[in-house]
Amino acid sequence: MTYLTLPQPGRRIQVGDSKTILQAALDAGIAYPHSCRSGRCGACKSRLISGHVELGKHSPFALSEQERADGFILACRAVPSDDVAVEWLDETFDAEPALAQDAKVVAIDRMTHDILAIRLALADRAAFPFAAGQYLSLTMPGALARNYSMANRPDEELVELHVRAVPGGLTSGRIHASLATGDKVRIEGPSGSAYLREAHAGPIVAIAGGSGLAPIKSIVETALHADMTQPIRVYFGARAERDLYLVEHFRALEQTFANLTFIPVLSETASDGWRSGFVSDALAGDHHDLAGAKAYVAGPPAMVDAAMAVLGGLGVPPDDIDADVFFTPEESNDNAA
Ligand SMILES: Cc1cc2nc3c(=O)[nH]c(=O)nc-3n(C[C@H](O)[C@H](O)[C@H](O)COP(=O)(O)OP(=O)(O)OC[C@H]3O[C@@H](n4cnc5c(N)ncnc54)[C@H](O)[C@@H]3O)c2cc1C
Ligand code: FES
């Protein structure tokens, strides 16, 4: 048994065998900054103040060789070898613990053949103040809890989620098969550190894949309504035309807000004038240098990895990239609803 000291919340906790620092902190009810829990996004990047850790597999965009050498770790990949003291790097992180409450499904709209938009009325909306880009954990009866990102602006009353039916997916399959208007669900949150940084004055580049458009919609609409006037470019990657949604919505926003550009890119078939190829390649083809930009990325793991690589090559430092990787962390299958 080892001990973990966290100066920021002022806590010292025990860490069970083979547990990561992130998991130990979350189990102890400590709100630790994180997103992907898989060493891909860098949201849990931390400074090892003392002690030693075993660091598991991670992407070089989440933690570079140099950062490792300089004593930084990823809390979601770090298992303490002895007593450790650690501080997270995200100074803007507001360490409020996530709260649970009931919510009622008030509308379900089909956006594509495999994406539903679900609107929830929360029992206590005031107790759920979120930042654009954050997510909640949703539990419906008989299904395991899963994370879904808010697609609406934080000042809007109803909470909007976009849920893609993952082939063979337990919870998304159940949501698509049986969730109905009027149903009660349980939500917990908000969570996540890939949220809009309103103090950043440079250009914004947002890259979404599939239902990754949900947090990007929230971030972009919040930025526009906050009178952020810098250029905002949204790349929306989908496989084929039938996977696109909200295109007219974003086209209408482009008419109102001159600083917004919306760029759908189709990877499988490109007909009728759509751009074709991988969305990360479109980003690379459009830019030579994105230094000074803030990037928000959300979608499936392969797309996020490719986008992070391109952004790094275009001069966006890891600290200016906020990414949500849409997948199911292994430990989410441990607690049946
Ligand atoms: C921070 C965060 C935010 C998220 N926000 C959203 C959101 O707004 N909308 C949304 O639709 N999803 C979102 N997700 C993904 C979501 O939480 C679930 O992982 C997803 O719905 C699959 O759950 P499942 O129970 O249906 O599939 P599972 O039963 O968990 O998985 C079934 C199989 O599908 C694979 N798989 C899991 N996820 C994916 C995927 N995305 N693409 C391809 N294969 C996959 C698994 O490896 C497994 O083999 C988010 C995930 C995270 C971590
Ligand atoms: S890299 Fe640790 S939460 Fe994403």
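Just so you know, ligand 1 is whichever comes first in the structure, and atom 1 is the first atom listed for that ligand. Every value quoted in this text rests on a predicted model; they were computed, and no experiment measured them.
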Exercise for the section: Would you give the length of the straight line joining atom OG1 of Thr2 to atom NE2 of His52, rounded to the nearest 0.5 angstrom? Expected result: 13.0 Å
Problem - Minimum heavy-atom distance Tyr195-Asp322, with the two atoms named - result: O-OD2, 4.4 Å
Fill in the blank from the handout: For Arg146, the ligand 1 atoms with a heavy-atom partner under 4.0 Å come out as 17 (O), 18 (C), 23 (O), 24 (P), 25 (O), 28 (P), 29 (O), 30 (O)
Completion exercise
Honestly, for Tyr135 the part within reach of ligand 1 (heavy atoms, under 4.0 Å) is side chain
Problem - Within-2.8 Å protein N/O/S contacts of atom 4 (Fe) of ligand 2 - result: Cys36 SG, Cys41 SG
Problem - Numbering as shown, the atoms of ligand 1 that approach Arg164 to under 4.0 Å (heavy-atom distance) - result: 11 (O), 42 (N), 43 (C)
Handout entry: Sub-3.5 Å N/O-N/O distance, Ser35 and ligand 1
Key = no
Handout entry: Donor-acceptor pair between His113 and Asp243 side chains, under 3.5 angstrom
Key = yes
Handout entry: Contact check, Leu161 vs ligand 1, heavy-atom distance below 4.0 Å
Key = no
Problem - Electrostatic pair Asp114-Arg239, nearest N-O below 4.0 angstrom - result: yes
Problem - Proximal ligand 1 atoms for Ser211, defined as those under 4.0 Å from one of its heavy atoms - result: 9 (N), 10 (C), 11 (O)
Fill in the blank from the handout: Arg186 meets the side-chain hydrogen bond (donor to acceptor under 3.5 Å, both in side chains) criterion, sequence neighbours left out, with Asp102
Handout entry: cation_pi(Arg12, Tyr3) dist<6.0 Å, angle<=45
Key = yes
Practice task
Mark yes or no for whether Glu221, through its side chain, and Arg153, through its backbone, hold a donor-acceptor pair below 3.5 Å.
Solution key: no
Exercise for the section: For ligand 1, note which part of His162 has a heavy atom under 4.0 Å away: side chain, backbone, both or neither. Expected result: backbone
Practice task
Measure Ile115 to ligand 1 on non-hydrogen atoms and call it side chain, backbone, both or neither using the 4.0 Å cut-off.
Solution key: neither
Exercise for the section: Evaluate the side-chain proximity of Asp324 to Gln134: yes if any heavy-atom separation is below 4.5 Å, no if none is. Expected result: no
Problem - Region of Val166 that comes within reach of ligand 1 [heavy atoms, distance under 4.0 Å] - result: side chain
Fill in the blank from the handout: dist Ile216:CD1 -> Leu213:CG (nearest 0.5 Å) comes out at 7.5 Å
Practice task
Return the orientation label for the Tyr32 and Trp88 ring planes: parallel under 30°, perpendicular over 60°, tilted otherwise.
Solution key: perpendicular
Handout entry: Location of contacts on Pro300 toward ligand 1, heavy atoms closer than 4.0 Å
Key = neither
Fill in the blank from the handout: Out of Ile175, Val325, Leu213, the nearest non-hydrogen contact to atom 52 (C) of ligand 1 is supplied by Val325
Problem - Polar atom proximity, Leu170 to ligand 1 (N or O, under 3.5 Å) - result: yes
Exercise for the section: Report yes if Ala214 has an N/O atom closer than 3.5 Å to an N/O atom of ligand 1; otherwise report no. Expected result: no
Problem - Polar side-chain atom of Glu268 near backbone of Ser276 as donor-acceptor pair, under 3.5 Å - result: no
Handout entry: Heavy-atom side-chain proximity of Met150 to Pro190 below 4.5 angstrom
Key = yes
Problem - Short N-O contact, Asp320 and Arg197, less than 4.0 angstrom - result: no
Handout entry: Between His162 and Glu160, a side-chain donor and acceptor under 3.5 Å
Key = yes
Handout entry: Asp324 N/O to ligand 1 N/O under 3.5 Å
Key = no
Handout entry: Sub-4.0 Å atoms of ligand 1 with respect to non-hydrogen atoms of Val163
Key = 11 (O)
Practice task
Would you check the N or O atoms of Phe326, main chain and side chain alike, for any that come under 3.5 Å of an N or O of ligand 1?
Solution key: yes
